There are 2 protein chains.
Amino acid sequence: MKILVVEDDQFHARYVLDAISEELPEVTEIAHAINRDEAEDEARAGEFEAIVMDLQMEHGNGIDAARAIWAHNPQTRILFWSNYADEAYLRGISQIVPEASAYGYVLKTATRDRLKLALRAVLFEGQIMISRELYQYQRQGQPSSALDKSEYAVLLDLALGLQDKMIAERQNLSLRTVQNRLQSLYDKLGIDEEDGPALNKRVRALNCAIRKKALNLQTLESAEAEYQRWCESQ
Amino acid sequence: MKILVVEDDQFHARYVLDAISEELPEVTEIAHAINRDEAEDEARAGEFEAIVMDLQMEHGNGIDAARAIWAHNPQTRILFWSNYADEAYLRGISQIVPEASAYGYVLKTATRDRLKLALRAVLFEGQIMISRELYQYQRQGQPSSALDKSEYAVLLDLALGLQDKMIAERQNLSLRTVQNRLQSLYDKLGIDEEDGPALNKRVRALNCAIRKKALNLQTLESAEAEYQRWCESQ
DNA sequence: ATATTTTTTGCGGGAACCCGCAATCGCGCG
DNA sequence: CGCGCGATTGCGGGTTCCCGCAAAAAATAT
């Protein structure tokens, strides 16, 4: 079994590499990449079955790297390994994970045993495993306060700075429906129930989404890139 | 000499602690805190002359911790030690650093020698030392594309979601002047020169500021807290 | 002290935004 | 089939935002 570790922090890389060799004696080859480009090159060349991927890297983020790798080989199992329990990351990942694959999400603050467990469960056994801290975001059961897919799409467009008309075009909705979505976004982000004087709801929505970690820098960058592509295809 | 290390990542903490004991034999006592509250308690109790402070922590950010510590003892020398070269951090720090103190900013990606150099220069010699990657933001020489103090203040208020009238009130400016500031913000963030259709400038400004790292999550949180305080004092 | 440039401020209008109201559409259920 | 409930859409109006224009004020140069 061949494993690729993508991690730009030398200490964290060493830690994972050690954990792998302790927990997975089945592994015959371990490679190590320290940014997105290296990761994609390695993955293309090496045909790894399993990858441990850091989400925050100096150059390029882990989600884009994963998308590229999965596009090339959808069966690759990827364990994401991150400092932060941001809803934004989980949403980003769920959007790109292919049917054929297994993945997992572990926090860097997890114990060594939990990391090892995730390594075995995801990379070796091909299970799905998501840290409890994040799993709450995934449950679409309760409608209240959890953004559904279409609301999240509108949130992304709002965050880019698109105006209503253009969001409508991109999402194939009428203008008024977009405004309804915005309305429910404002509700779910809790924008009107704040004391103090009235605020600019659009900006406030972005602010709240970021503070609640429904969006983060990587999300914005990815959405921006996707939007640029969409623009050119128009 | 007594040093306090504030760092919630065990590997990074160990790395700094080692570097300190290698480079600064003058140190007689090293303490270690892993979040903002611990840091403030330690600092209050221990009267440290020098601190190494991580900026990204799970609980509470380093800038707020530094503000509290400096409020209690303005001569404390603080070396900030961070993963990211965000303008937002540097601006946040410059706003709170007292006259009497020395501080520094080193990236975690710096070499061990550079870290040691910074440790000695800032903590022992009391110099100011700022990583080159950030220093560009500090030069107020060229007006173009660098936000001046008053523009930055307006940017913060915009980011909170305040509307023009309220920004005017908070900054003691006329409504129209606020709009002028916004105008120059839009220019400097490069908002109109983008291709594609028109955007919502307010939201776009926040988006760009974040992507350019003029603002980040910690900035927004701090600004929010400050705004809440301001509201209550009104 | 005077002239020139820059900044601030007011006014006004067009566009975008927010949202209440009501008609319409879609869809499951008795 | 007919009914009911929620989501979608159009319309209208009040508000905020963006910005050009020009006068007043302040800063700077001559």
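So that the names make sense, note that chain A is the first sequence line, chain B the second, and so on, each numbered from 1. This structure is a prediction, so every number in the text was calculated from the model and none was measured.
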For atom [atom1] of [X] and atom [atom2] of [N], their distance in whole Å:
X: B/L199; N: C/dA16; atom1: CG; atom2: P; result: 12 Å
X: A/D192; N: C/dC18; atom1: CG; atom2: C1'; result: 10 Å
X: A/L158; N: C/dC18; atom1: CG; atom2: C1'; result: 13 Å
X: A/L206; N: C/dC17; atom1: CG; atom2: P; result: 15 Å

Open item on the list: Under 4.0 Å, heavy atoms only, any strand: does A/Q179 hit a base, just the sugar-phosphate, or nothing?
Closed with: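 It contacts base atoms.
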Task: Qualifying salt bridge (Lys or Arg N to Asp or Glu O under 4.0 Å) pairs, either residue in residues 61-73 of chain B, two or more places apart - done: B/R36-B/D64, B/D64-B/R67
Task: salt bridge (Lys or Arg N to Asp or Glu O under 4.0 Å) contacts in which one or both residues fall within residues 152-163 of chain A, not counting sequence neighbours - done: A/D157-A/R170
- [ ] Please give the angle, rounded to 10 degrees, between the axes at the start and the end of the helix from C/dA1-D/dT30 to C/dG30-D/dC1, where five pairs define each axis.
- [x]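 That helix has its two terminal axes inclined by roughly 20°.
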TODO: Shoot me the first and last contacting nucleotide of DNA chain D against chain B, ordered 5' to 3', at under 4.0 angstrom to non-hydrogen atoms.
DONE: D/dT16 to D/dC21
With sequence neighbours left out, write down each residue that passes side chain to side chain contact (heavy atoms under 4.5 Å, CB included) with [X], or none if nothing qualifies.
X: B/N200; result: A/R202, B/R202, B/V203
X: B/S184; result: B/E151
X: A/E232; result: none

Open item on the list: Can a side-chain donor-acceptor contact be found between A/Q56 and A/Y89 if the only test is distance below 3.5 angstrom?
Closed with: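 Result is yes, a qualifying pair exists.
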- [ ] Compute whether any side-chain donor of one residue and acceptor of the other, for A/D9 and B/H12, lie under 3.5 angstrom apart.
- [x] yes
Open item on the list: On the nucleotide C/dA16, are OP1 or OP2 found under 4.0 Å from the side-chain N or O atoms that B/K201 carries?
Closed with: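 Answer no for this pair, as no side-chain N or O of B/K201 is under 4.0 Å from OP1 or OP2.
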Could I get the full list of side chain to side chain donor-acceptor pair (under 3.5 Å) partners for [X], not counting sequence neighbours?
X: A/R204; result: A/E194, B/E224
X: A/N83; result: none
X: B/N180; result: B/R176

Open item on the list: List the residues meeting salt bridge (charged side-chain N to carboxylate O under 4.0 Å, His left out) with B/K201, not counting sequence neighbours, and say none if there are none.
Closed with: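 Salt bridge (charged side-chain N to carboxylate O under 4.0 Å, His left out) list for B/K201, sorted by chain: B/D192.
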Grab the N/O contacts between the protein and nucleotides 6-8 of chain C below 3.5 Å, and write none if there aren't any.
from  : atom 1 : to     : atom 2 : distance (Å)
C/dT8 : OP1    : B/R181 : NH2    : 2.6
C/dT8 : OP2    : B/R181 : NH2    : 2.9

- [ ] Let me know, please, whether A/L162 or B/L175 comes out on the 5' side of the other along DNA chain C by nearest nucleotide.
- [x]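 Its nucleotide being nearer the 5' end, the pick is B/L175.
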